[in-house]
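Please read the structure below before turning to the comments.
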Amino acid sequence: MDADKVFKALGDPTRRRLLDLLCEKNGQTLGQLCDHLDMARQSATQHIDLLEAANLVSTVKRGREKLHFINPVPLHEVYERWVRKFERQRLSLLHDLKQELEGE
């Protein structure tokens with residue numbers, strides 16, 4: 001995994017929106033994705049290219065169409081490396097402290 005590429009790809013709201021769209025319905029064409037974006041196909045293609053470079057999206061040609069699919073593996077690797085180690089004990093302790101301080 002190239003974490004820098006993944007974080008760069010995730011750093012843009014349009015690219016996160018594209019991933020959300022593919023999560024809702026995998027295997028969409030560029031035209032289908034652009035229906036939900038307020039931008040030209042050329043701009044959407046540049047965002048998809050960055051997602052592909054980060055290995056977050058893969059494409060499959062079907063005739064003249066190019067279908068885009070989300071690849072959740074790099075997201076899982078980021079989760080395992082950067083999130084999971086912080087979430088259990090520390091977040092539980094922070095949650096308990098927050099509740100105690102707020103009197104809940």
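Values below: all heavy atoms of this structure, side chains included; hydrogens, waters and symmetry mates excluded. Residue indices begin at 1 and follow the sequence shown.
Taking CH2 of W82 as the reference point, atom CD of E77 lies at 13.0 Å (rounded to 0.5 Å). In this structure, L30 CG and Q28 CD are separated by 10.5 Å, a value rounded to the nearest 0.5 Å. Interatomic distance, OG1 of T14 versus CZ of R17, reported as 10.0 Å (0.5 Å rounding). Expressed to the nearest 0.5 Å, how far NZ of K5 lies from NZ of K8 amounts to 9.5 Å. To the nearest 0.5 Å, atoms CZ (R15) and CG (L10) are separated by 9.0 Å. The CG atom of L18 lies 12.5 Å from the SG atom of C23; values are rounded to the nearest 0.5 Å.
Between L67 and T59 there is no side-chain heavy-atom pair separated by less than 4.5 Å. For the pair I70 and L56, the minimum side-chain heavy-atom distance is 4.5 Å or more. Put simply, the side chain of L19 reaches to within 4.5 Å of the side chain of V57, judged on heavy atoms. The shortest distance between side-chain heavy atoms of F69 and V60 falls below 4.5 Å.
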Evaluate the side chain to side chain contact (heavy atoms under 4.5 Å, CB included) criterion for residues D12 and H47: first the C-alpha distance (whole Å), next the side-chain angles of each, then the deciding distance (0.1 Å), finally the verdict.
-> CA-CA 9 Å; D12 182 86; H47 285 290; 3.3 Å; yes
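When all heavy atoms are compared, the tightest approach of A9 to L50 is CB-O, 4.3 Å. Across every non-hydrogen atom of I48 and H68, the tightest pair is CG2-CD2, 3.6 Å.
Transitive grouping of hydrophobic side chains (ILVMFWY, heavy atoms separated by less than 4.5 Å) keeps V78 and V73 in distinct clusters.
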Donor-acceptor pairs under 3.5 angstrom involving side-chain atoms of residues 32-46: please list them, not counting sequence neighbours.
residue, atom, partner, partner atom, Å
Q32, OE1, T29, N, 2.7
Q32, OE1, T29, OG1, 3.4
T45, OG1, R41, O, 2.8

